[in-house]
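Order of the sequence lines sets the chain letters (A, B, ...), proteins ahead of strands, with each chain counted from 1. Computed from a prediction, not measured in an experiment: that's the story for all the values here.
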2 protein chains.
Amino acid sequence: MARPLKPLISIDAVVTAALELIDESGDFSLPKLAARIGVSQSSIYNHVSGREEILELVRGRITEGDPQALDLAPGVEATWEDVLRSEIRTYRENFARHPRAAPLMVMQTVRNPHVIALYERMASALEEAGFRGADVASALAMIDSFAIGAALDLAAPGNVWDVAPGTESALGRAVEGASKLADRAETAFEFGLEALMDGLRLRQGRLGR
Amino acid sequence: MARPLKPLISIDAVVTAALELIDESGDFSLPKLAARIGVSQSSIYNHVSGREEILELVRGRITEGDPQALDLAPGVEATWEDVLRSEIRTYRENFARHPRAAPLMVMQTVRNPHVIALYERMASALEEAGFRGADVASALAMIDSFAIGAALDLAAPGNVWDVAPGTESALGRAVEGASKLADRAETAFEFGLEALMDGLRLRQGRLGR
DNA sequence: ACCTGAACACCGTTCAAGT
DNA sequence: ACCTGAACACCGTTCAAGT
């Protein structure tokens, strides 16, 4: 076949196909990706450096859903808490739309500009709150863990802990209590988000000490 | 060679070799594992069901480091906060000794009894604090995210975010501030742990509301 | 019961050859 | 510039054959 008049592949098509593959089955391989695009495996390397870059592009696609505007009463300034809460929620909602994508991203360094920009907005909010230097980094690390954890939670199989049902134990009761909820992951996320915000607010109050 | 008089492999040896492999290089495959034990790849399946079980056994080995006793003044009862803080710290310290193991565990359901027991102790502490049912599960999910995040942080390459050094931005300043610290991950962990405990304590106070 | 070697169905990446 | 097919060096798992 050799070189066609019009390219058979575009980076965009690669990313779209990759995300479809991930959404459908949760696993993703170059052979499957090539098959879906209808092209040979090796030709993908003409557009992209390899698997890692594809996944990083997928991260971009997932995250680029515009940062939802904070709608506040006119004239009211958004507080650092508003901003932080909103960014975390957006981040998590983006992954909620592609639950199976999270596990594939965890182990890769974040290079995507959209995601970097998101963390930049959070870092600014933390500075506005009065946090400085390493404290900002620590807070970001915590937020990051929480957000990734929440995303992984969405991808996780029904039970994270292999506890026999009806077990008389605190963990058994917790698992049972959660299983009654329509959206266990959602509830856990909201609980965690508020606890996290409380924790930060409290530390902010002590900053001058 | 066929069946030897004394088994060439023991489950214990498999786990030890697997953990060595992980600690040294961070990656782990059955061919490499077999080579290290000095046995053929397929014979491993006589002792273990496959890759997943091996990793779950490794999780056990890492976690079984005895739960450090809380040493308190005699007669003083450990509060739920003491217990929680100590368990989280222990969990994270265990992974600190094997930083490269964390990424391999993230995507697997926890089946190991030692780890289940650890979560059971945390669930009890949360009940003692007054949390019930889904709230216990939510708090555990949050703690879990945090602990796993902290563990992944130890395994992560130097920079989690690909920010150009000297960038004039809040994120740039945060990264720079953190890079000055001898133990960035350690500092972030302590910051997060205290913020998390604060968040839980505050929610506990509102439980009766 | 426990080992081996061969086989199977996968991976990601490279590269000469074609137009 | 962009595609193909073949090749390479890996995976995890299964299974008949040996003692």
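Between atom CD of residue A/Glu93 and atom CG of residue A/Leu154 there is a gap of 10.5 Å, rounded to the nearest 0.5 Å. With values rounded to the nearest 0.5 angstrom, A/Leu202 atom CG is found 12.5 Å from B/Met197 atom CE.
Distance from the side chain of A/Ser42 is smallest for C/dT14 among the nucleotides C/dT14, C/dC3, D/dG12. The side chain of A/Pro31 has C/dC11 as its nearest neighbour among D/dC2, C/dC3, C/dC11.
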Show which side-chain atoms of residues 137-148 of chain B pair as donor or acceptor with protein atoms under 3.5 Å away, not counting sequence neighbours.
from, atom 1, to, atom 2, distance (Å)
B/Ser138, OG, B/Ala134, O, 3.0
B/Asp144, OD1, B/Tyr119, OH, 2.0
B/Ser145, OG, B/Ala141, O, 3.1

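Contact annotation: A/Lys32 side-chain N/O to C/dC11 OP1/OP2 distance is under 4.0 Å. For A/Ser29, a side-chain nitrogen or oxygen approaches OP1 or OP2 of C/dC11 to under 4.0 Å. Between B/Ser43 and C/dT4 there is a side-chain N or O to OP1 or OP2 distance below 4.0 Å. Remark: A/His47 is in phosphate contact with D/dC3, judged by side-chain N or O atoms under 4.0 Å from OP1 or OP2. When the side-chain nitrogen and oxygen atoms of A/Ser40 are compared with OP1 and OP2 of D/dT4, one or more of them lie within a distance under 4.0 Å.
Among the duplex regions that DNA chain D forms, those built from at least three successive Watson-Crick or G-U pairs under 3.5 Å are C:4-8 with D:12-16, C:12-16 with D:4-8, ordered by first number.
We find that B/Glu53 and B/Arg111 are not joined by a salt bridge, their nearest charged nitrogen and carboxylate oxygen being 4.0 Å or further apart.
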